[in-house]
Participant: 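I have a structure I would like to understand better, so I am pasting it below and will then ask my questions one at a time.
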Amino acid sequence: MSDVVEKTLTALPSLLSLDSHPGSAKLSSTSKLGNLIRGITELTSKHEEEKLIQHELLAIKEQVSSPNTTMMKELMVRSIYCEMLGYEASFSYIHAIKLAQQGTVLEKRVGYLAVSLFLNESHELLLLLVNTVLKDLQSTNLIEVCMALTVVSQMFPKDMIPAILPLVEEKLNHPKEIIRRKAVLALYKFYLIAPNQVQHIHNKFRKALCDKDPGVMTASLHIYLQMIQENPEAYKDLTPSFVTILKQVVGGKLPMDFNYHTVPAPWLQIQLLRILSLLGKNDQSTSEVMYEVLDESLQRAEMNHNITYAILYECVKCIYTIHPKSDLLEKAAKCIGNFVLSPKINLKYLGLKALTYVVQQDPKLALQHQMTIIECLDHPDLIIKRETLELLFRITNGQNVTVIVEKMLEFLCISEDDHTTIDLVGKVAELAEKYPLKYNEWFIETMNTVFSLGGDMMQPDIPNSFLKLLSEGFDSVEEDRKLRLFAVNSYIPLLRGEPGKLPQRFLQVISWVLGEYSHLREDLEPAEVLSLLAKLLDMKNSSSETKSWVLMAMTKLCKGGADASVTQEVSETYSSSLDTVLRQRAHELQYLSQDPELRARVLPRGAKPETLEVDSSLSFLDRFVSEALAAGAAPYKPPHQRQEELDQSKALSLEPYGLSLPISMSSCSITDRQSPTLLSMSSGLSGDTLKLDGIKRVWGREGYLAQREPVEEAAQVEVPSPIQSPGRQGEGDSLHSQTPTQTPTPEPEQEKQQLASSLFVGLASQSSVSLMGKSEPMPQRFRRKAKGQGLGSSFIANEQISSSLISPPSAVDNLLCNNLLDSNNASELAEQTSQLSQSLTTANGTCHAEAELTESDTKGCNPALRRDNCVVAAGPGPHNDPGRLTEVCLDSYLPAELSGLSHSEIAPLCANQSLNLSACHVQKEDSLILVVFIMNSSESAIQQIRLVSITVGQYSLTVKRPAVHVEVVGTVSYQLPAGTSQSLQFSYKVPLTSFIRPFVVSTEEYGTMWLSFSHDTKQNLTLINDNQEPLTATLNALKKKLQLHVVEVIGMEGIVACRLLQDLPCLMHCRVNAGWLAVWLRSPVPDLPDCLIYHCQRALQSL
Amino acid sequence: MIKAILIFNNHGKPRLIRFYQYFHQAAQDTSYCKAEDMQQQIIRETFHLVSKRDDNVCNFLEGGSLIGGSDYKLIYRHYATLYFVFCVDSSESELGILDLIQVFVETLDKCFENVCELDLIFHMDKVHYILQEVVMGGMVLETNMNEIVAQVEVQNRMEKSEGGLSAAPARAVSAVKNMNLPEIPRNINIGDINIKVPSLSPF
């Protein structure tokens, strides 16, 4: 980089001395912009700047609105400049749009730029741009097309996408590579903001992936990365293609143009490695495909440039993500070592990141680098420090938790960044709760620090779970008592000191604990506690929430008698409070303090927490709701829907609706004695960094039992332990070679080692266990979820005919290979170009066909195939004329039990010289049967007889996630007499309608279901106007076409129900409205309403 | 995805801002506050975070509270008087982006022949056009410097042919007017150019 800076430095004098350097002309000082900038730099205060800019804006405003101004471009740049500095130039927005619309190409460019900088995708004015974009997309001027695509990918109103989608799609076939590439990215953008709208062009993405230009292919990887992230199962078949691409890139098959610092297309490699790691996750067979190329990547990436480290890092992550292979893991571990030990700080950072990532699989690795980690703990860079803490957090166990928590608290004290504080406080609290061990005092003290440092920023579930711990207690009554007593003991001095400095949350915790447990301390008079609490009420900065906690605590404490005066005074003060919650609390206090018997009943001391059954569906309100509905009340609509309707009707959106919605949880939480702990709200923050699902509550009633053993061990560790733990000695030799600094031990070094031994204690014993399987309770939380595993296997095993995996669309691979090679050759041998390009087009042709064949059109399509029975019908039998095999004769092969049912047309699937596949589907009441006819059409050369045998396979299909069409992909593998095995792929598309069955419900059942379903969609459909009544006619047509069940028709409204096979219901509410049929669909499944409405539309159109 | 690209100088003066995601005001803060103000806040916060870091620390920063959450990362490079900051989510490779910044800067250098802060100020629009060829809608479009330069030049050629005759005299005039240029650099705060060391030694 230094050369660029050097150039800058050398350029400066030339600017200063104003020679005839070509670069100097670029400072057009005549321009108004130049004047403006110069003006600004001369200013000394922010205020002056503001004045100058306002003046400038006025000037621009004046000029911009004068007709036929010739310096629009300049004016726009000036407004952009003002906006960049944070001054609003909203008057110029409309002019920017006008410029993009009407200007010359150059003016257009400025106009588009200004628009894309000024507006956001929800800005109203953006609608005015749609027409311009439409026009420019159709322009013959490539630059205009490029500009339009660029602005479209920057921001485009979601609702208007259908208007330009066909045009952008068309650009995928544009001869110019740059246009195709931009079109792909624009489509990706559409996919991000409105995935449903681009569902139908997924096969075009495949085409982009096999584009002859590597640039277009690279662009399409953005889309694939995203789609695979969302649903890896659907793209497993592409794995070999990605592997082949990576292999070619790594092997240097790309033109030299793609090299960056002699590394072939590094960004492309990174992208591919990410995709591969997603595909190979939890999937052994897919992972096996990529081992070789990963190995090659590791080897090829020589450590010589920044960018190769980037590739290495991705490689390492990929290796640790996919199904493990030992020799790759070894190499990856070495790589991580190199990163961590690197003097380059960026690499160290990434090394730590990688360590954090892999440490749950391979704790040995952290052990190897313990001295480096210790050094990083003291690193001047806070980011490195934080990353190290993150790593330590992952290796925490019962024995090192105190040291690690101490380090974290140290960091908390110096951290200024809110985000870091919140994150770290959460982690400390989690650790403290997970390993309370026998150090009651340590636990309480740590939590006290957490509460005072974390303040009111921390997630609300921390105090909640802390209180829950205290109240639920453990198996030993004595332990519980000690813990609670200690808490009380530590809070009293805090309240006696300066409680005004404590955060609100902490005060709430303190008052709850004192209210519950202060009686445990015998020398403490309730009156004293009451007066301490009363002091909190008088503090200026106490929030009303805190006050109600305090009042609640006082209610628990008051006994009448001596302390009656305090409570009396307090309850009087607050019984006239404006805050209703406080007022209620005050009244409670008043009554309960006067009636000890009632108090003992309402608030029994030392009661065990009872589990509350919360009816989250609020079903007890059902009757009320149905009565209200019967009385003519409007049905409840969720806020988002209301908002949408408001937007649609272009009505004013009134803010207060949204505001009044969140009900203060705090106010309800105190009504019940135990509820502050039970109503723990999950916070969004902790979910981001930690995978919390499936964690056993270690500190719950059962969890504590399970942990007893480590607790015992830990007690011994408190004694200053020998520097080397036994497990570490077991590590022995390899360690010494890794850290040679160990042998000579100067003073500070020894300190560090001591720290190391306390930090890494317990890790060593773990590491003796095999790499993958560990029994420590800690890693549970990090263990990868086996989710999707079952689904995946059933998907792969979808064709029991073949025991092999679905093999890749090989033509795609070959094509890619050809393309890449060809373009390489083309650059070398110009003469052959024409010939080559010819071959390319043909290659493209086959590719197209292939893409069509393998298209899986919907991302959510996960047909899980369940095999019912296979190979049912006819064995081999001679047949005379296989060439004219008609459907009629295939019909006869239909299994007898299905022949009575209606089946779809038997469609040929695919064929090669020896096999002929056809299929149809049969709708049964509870399932959809896919029948595959496999026909042998091979000629046996020896016998000179054409043998035709037909085998029929029968599979029952179910749908897990609805999609417009469901595609079944399968492979038939078979052995030729010669012994060579071959396979044939097929895919079969079934519309969702085949899965739809009528759903017979009563109107009442319909009503309750309607309220409980959360996913909905609305659309207007055309009505059928024949001589019948239009609503009935339309509903009957739908019923006939889609097998819906019409529940009831009342006047102009009708309710209809259906379901996918035996589950997944979908309800439909139709109303005739201004010549349209307003349809409102609801279902518990996300995509079902959308898919169904699509089929309804199609059904009505086809009439 | 790249969420935002910010370029500002050592004093926090923005030189180029490009947001690929619209950052709303936090929900609780419903007082009338424009997105632009949000953007200014982000710039200020980012500058605050980045400027207090030494040149010998790593180039990655996590989780500014405004630009949001643990999924976001700031990746920056410091060149002489300018900070180039990319705000990205977890789908981007850290080192990859670091080199992308390098590519961008080298491309600027090619297009402007020895780029310096002044070029970015006076030719903000051109810098935007170059950036558009590198990153499109938050996605990396092109990383090959020659290709980027070629694309930009195609557009520039168009400019020349359009600018035609009228452009020539303007340039001549500007050359004369440049006489008073020596004042500019002093006013534009690039005085400490010699003190700041480039943040990255070549790898």
Side-chain angles (χ1 to χ4, degrees), chain A residues 1-2 4-5 7-8 11-12 16 18 22-30 34 37-38 41-42 77 80-81 84 86 88 104-106 110 113 120-121 143 150 153-154 182 185 188-189 222 257-258 260 267 270 305-307 309-310 313-314 345-346 349-350 381 383-384 418-419 655 688-689, chain B residues 14 17 22 30 35-36 40 57-63 65 69-71 79-80 93-96 98-99 102 105-106 109 113-116 118-119 121-125 128 132 136-137 139-141 143-144 155 158-159 162 171 173-175 177-178 181-182 184-185 187-188 198 200 202-203:
Chain A
M1 184 53 240
S2 54
V4 172
V5 179
K7 271 192 254 170
T8 316
L12 262 185
L16 296 173
L18 217 216
S24 60
K26 52 196 175 179
L27 299 180
S28 51
S29 62
T30 47
I37 292 163
R38 207 160 308 131
T41 50
E42 274 161 12
V77 176
I80 293 177
Y81 190 79
M84 181 174 78
E88 193 186 320
T104 61
V105 180
L106 273 184
V110 181
L113 175 66
N120 60 61
E121 54 223 2
I143 289 167
T150 306
S153 73
Q154 170 72 24
K182 288 191 171 178
L185 285 186
Y188 172 53
K189 189 75 182 191
H222 284 290
D257 278 357
F258 287 87
Y260 174 75
W267 287 277
I270 291 170
H305 186 269
N306 191 17
I307 200 73
Y309 293 117
Y313 179 68
E314 292 305 326
I345 190 95
N346 285 337
Y349 169 85
L350 286 180
D381 188 353
I383 297 292
I384 298 275
D418 290 355
H419 178 78
E655 283 301 316
D688 281 347
T689 44
Chain B
I17 321 175
Y22 174 48
T30 35
E36 273 78 335
Q40 291 298 317
V57 297
C58 71
N59 297 55
F60 316 115
L61 264 173
E62 273 171 68
S65 51
S70 38
D71 193 36
Y79 295 100
S93 147
E94 291 92 345
L95 288 176
L98 210 52
D99 267 64
Q102 177 73 13
V105 174
E106 280 182 37
D109 193 58
E113 307 170 36
N114 299 323
V115 69
C116 67
L118 293 176
D119 293 313
I121 303 170
F122 285 99
H123 299 280
M124 200 176 42
D125 48 340
H128 270 294
Q132 272 176 3
M136 178 171 150
M139 276 82 67
V140 179
L141 175 70
T143 50
N144 180 358
Q155 296 177 4
M158 176 181 75
E159 178 162 33
E162 242 191 57
R171 245 174 241 133
V173 173
S174 82
K177 285 280 175 99
N178 272 348
L181 247 187
I184 301 173
N187 296 331
I188 297 168
L200 275 154
F203 278 105

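Just so it is clear, the values below take in all heavy atoms, side chains as well, and ignore hydrogens, waters and symmetry mates. A, B, ... follow the sequence lines: proteins, then strands. Residue 1 opens every chain.
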Participant: How long is the straight-line distance from OH of Tyr260(A) back to CG of Asp99(B), given to the nearest 0.5 Å?
Facilitator: 3.5 Å
Participant: Given that the side chain runs from C-beta out, which part of Tyr313(A) has a heavy atom under 4.5 Å from chain B: side chain, backbone, both or neither?
Facilitator: side chain
Participant: Return yes if some donor-acceptor pair links the side-chain N/O of Asn346(A) with the main-chain N/O of Asn59(B) below 3.5 Å, else return no.
Facilitator: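 Here the side-chain-to-backbone pair exists.
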Participant: In terms of heavy-atom pairs under 4.5 Å, which option from Ile384(A), Leu113(A), Ile270(A) contacts chain B the most?
Facilitator: Leu113(A)
Participant: Out of Cys58(B), Ser93(B), Pro14(B), return the one with the most heavy atom pairs under 4.5 angstrom to chain A.
Facilitator: Cys58(B)
Participant: What heavy-atom pair brings Val140(B) and His222(A) nearest, and what distance separates the two atoms?
Facilitator: O-NE2, 3.1 Å
Participant: Please state whether the side chain, the backbone, both or neither of Ile143(A) comes within less than 4.5 Å of a heavy atom of chain B.
Facilitator: side chain
Participant: What pair of heavy atoms forms the shortest contact from Lys182(A) to Leu141(B), and how long is it?
Facilitator: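 Taking Lys182(A) first and Leu141(B) second, the nearest heavy atoms are CE-CD2, 3.6 Å.
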Participant: Using non-hydrogen atoms and a 4.5 Å limit, figure out which bit of Glu314(A) sits close to chain B: side chain, backbone, both or neither.
Facilitator: side chain
Participant: Measure from the side-chain N and O atoms of Asn144(B) to the backbone N and O of Asp257(A), and report whether any donor-acceptor pair falls under 3.5 Å.
Facilitator: yes
Participant: For Met124(B), is it the side chain, the backbone, both or neither that has a heavy atom under 4.5 Å from a heavy atom of chain A?
Facilitator: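 Only the side chain of Met124(B) comes within 4.5 Å of chain A.
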Participant: Rounded to the nearest 0.5 Å, what separates atom CG in Leu185(A) from atom CE in Met139(B)?
Facilitator: 5.0 Å
Participant: Could you give the distance from CG (Leu350(A)) to CG (Leu95(B)), rounded to the nearest 0.5 Å?
Facilitator: 4.5 Å
Participant: So, His128(B) side chain and Val110(A) main chain: donor-acceptor pair closer than 3.5 Å or not?
Facilitator: no
